[in-house]
Protein chains: 2
Amino acid sequence: MKTYKIDDVARETGLTKRTIRYYEEIGLMPTPERSEGGTRQYTREHIDHLLHVISARDVLGFSLQEIQDYIVYARELSGQRQLYPQIQEPEQKLAKLREMDETLDAQLRKLDEKAGKILAMKAELEQFRARVGAGIDLLEAKQQNHTKDIEMEETGK
Amino acid sequence: MKTYKIDDVARETGLTKRTIRYYEEIGLMPTPERSEGGTRQYTREHIDHLLHVISARDVLGFSLQEIQDYIVYARELSGQRQLYPQIQEPEQKLAKLREMDETLDAQLRKLDEKAGKILAMKAELEQFRARVGAGIDLLEAKQQNHTKDIEMEETGK
DNA sequence: TCTAACGTTGACGTTAACGTTAATATGTAG
DNA sequence: CTACATATTAACGTTAACGTCAACGTTAGA
């Protein structure tokens, strides 16, 4: 399997090397394998994972802690469970699934709320921009007239 | 005009008194009038202003600096210009308007980006939730079968 | 094999966004 | 007028999310 060094990952994700190590440190990313000498060897999955984290961080303004909750669920559901402890007891599993369902539902409601407010803010900003545009047109027209007068004065001399 | 003390504002906005003073300190809110003794006297506009700031902060995850840009423009455009210095020179005004236009454009692009990513994330979470739901159904069915023999009277439901 | 470029681990520094505390003045109910 | 809740400024403390630096080991190409 192809592996990547931390500099490659930094280039592909736009994160700094420090940030990548930090995310590993706080458990936001599964720890990669190491080479004989201790160099971290990332896989494509690590990169995808980070891109996911970045998206959640930037777009949602979630704290890294909140993102972690989300990430853990995503991992548990996408088959890469070997990275996190697996639950065997059916009753516990059911309880866990119900908990996840609730959390997902709450997050979805949050997202809907955010989407709605983003639309409202967009409308407001667009209105502002229309006014600014009108102001620019007005002043440009004035300047046109002004320079026209000057030209006439000059030619009249 | 009715005025509010800082504790009233804190109650209505959910912010702490410290945060309210901090927002004033960093220029996120127009400085309120003071009583003879120096007590801040807020108006309803201050409260509405703060609610706006909170919305931008919570929902969009903007930094307070980014919010400030937005707020300043909003103020300058909504007629309450006495709170901020007014530009008189037409050329400076035109330059300022062009700057505002650019900033607004940039913020609108950001908003579009966020909206897009929110939709993507929503789709993903919904997919997760569907899987979780399937898992719950499965386990519940198993449990049903298991308890069917024992709890005969409930099978009639 | 040598060396330059890159990687590693501490460990301390920084910035935003407030919290907390202290010392003091102000506003108000009785 | 007194007492007591609430206000003020000033200053230092805190936490998250990294930045930066030093000292040192690793990797890869000529």
Side-chain angles (χ1 to χ4, degrees), chain A residues 1-43 46-47 49-72, chain B residues 1-43 46-47 49-72 107 110:
Chain A
M1 203 201 309
K2 186 177 182 191
T3 62
Y4 304 81
K5 283 184 296 181
I6 197 165
D7 225 24
D8 306 327
V9 177
R11 210 174 311 108
E12 284 208 50
T13 59
L15 298 175
T16 67
K17 292 181 280 183
R18 174 66 171 102
T19 300
I20 294 167
R21 294 199 195 97
Y22 176 67
Y23 283 2
E24 181 188 340
E25 187 187 327
I26 64 172
L28 249 178
M29 198 188 25
T31 62
E33 298 293 308
R34 299 292 190 112
S35 76
E36 182 71 15
T39 302
R40 268 167 263 247
Q41 293 174 315
Y42 299 95
T43 69
H46 287 101
I47 294 176
H49 183 92
L50 281 178
L51 292 174
H52 237 101
V53 169
I54 292 166
S55 179
R57 181 195 67 177
D58 289 354
V59 174
L60 303 179
F62 283 176
S63 75
L64 295 185
Q65 181 54 52
E66 285 174 306
I67 291 172
Q68 195 169 5
D69 297 345
Y70 161 68
I71 289 296
V72 167
Chain B
M1 201 200 311
K2 187 179 182 190
T3 63
Y4 303 80
K5 284 184 294 181
I6 196 163
D7 224 24
D8 305 328
V9 177
R11 211 175 309 106
E12 284 210 48
T13 60
L15 298 175
T16 68
K17 293 181 278 184
R18 173 67 171 101
T19 300
I20 293 167
R21 294 198 193 97
Y22 176 68
Y23 283 2
E24 181 189 341
E25 186 188 328
I26 64 171
L28 248 179
M29 198 188 26
T31 62
E33 298 292 308
R34 299 292 191 114
S35 76
E36 182 72 16
T39 301
R40 268 166 265 245
Q41 292 174 316
Y42 298 94
T43 69
H46 287 99
I47 294 176
H49 182 92
L50 281 178
L51 292 175
H52 233 101
V53 169
I54 292 166
S55 176
R57 182 195 66 175
D58 288 354
V59 175
L60 302 178
F62 281 178
S63 75
L64 295 184
Q65 180 56 53
E66 286 173 305
I67 293 172
Q68 193 170 5
D69 297 346
Y70 161 67
I71 290 297
V72 167
Q107 296 216 352
K110 266 194 189 181

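The sequence lines fix the lettering, A, B, ..., with proteins before strands; numbering per chain opens at 1. Because the structure is a prediction, the values reported are computed rather than measured.
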Return yes if some donor-acceptor pair links the side-chain N/O of A:E33 with the main-chain N/O of A:T3 below 3.5 Å, else return no.
->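 Judged by distance alone, no pair lies under 3.5 Å.
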
Expressed in angstrom and rounded to an integer, what is the separation of [X] atom [atom1] from [N] atom [atom2]?
X     : N      : atom1 : atom2 : result
B:D7  : D:dA5  : CG    : C1'   : 10 Å
B:K5  : C:dA25 : NZ    : P     : 19 Å
A:I6  : D:dT26 : CD1   : C1'   : 14 Å
A:I67 : D:dA16 : CD1   : P     : 14 Å
B:E25 : C:dA16 : CD    : P     : 12 Å
B:I26 : C:dA16 : CD1   : C1'   : 9 Å
A:R34 : D:dT27 : CZ    : P     : 12 Å
B:M29 : C:dA17 : CE    : P     : 15 Å

Partner of B:Y42 by side chain to side chain contact (heavy atoms under 4.5 Å, CB included), out of B:M29, B:H49, B:K2, B:K5 |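 The side chain to side chain contact (heavy atoms under 4.5 Å, CB included) with B:Y42 is passed solely by B:M29 among B:M29, B:H49, B:K2, B:K5.
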
Side chain of B:T39: nearest nucleotide among D:dT9, D:dA7, D:dA17?
->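 Between D:dT9, D:dA7, D:dA17, the one nearest the side chain of B:T39 would be D:dA7.
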
[X] side chain near [N] phosphate (N/O to OP1/OP2, under 4.0 Å):
X     : N      : value
A:K17 : C:dG7  : yes
B:T19 : C:dG19 : yes
A:R21 : D:dG19 : no
B:Y23 : C:dC18 : yes
B:S35 : D:dA7  : no
B:T16 : C:dG19 : yes
B:R57 : C:dC18 : yes
A:R18 : D:dT20 : no

Distance only, no hydrogens: is a donor on one side chain within 3.5 Å (strictly under) of an acceptor on the other, for B:H46 and B:T43?
->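 B:T43 and B:H46 do have a side-chain donor-acceptor pair below 3.5 Å.
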
What are the two closest non-hydrogen atoms of B:I6 and B:I20, and how far apart are they?
->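 Residues B:I6 and B:I20, closest heavy atoms: O-CD1, 4.0 Å.
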
Please round to the nearest 0.5 Å and tell me the distance separating atom NZ of B:K110 and atom CG of A:D58.
->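 Interatomic distance, B:K110 NZ to A:D58 CG, rounded to 0.5 Å: 9.5 Å.
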
Taking for each residue the nucleotide of DNA chain C bearing the nearest heavy atom, is the 5' side occupied by B:E36 or by B:F62?
->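 So the residue in question is B:F62.
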
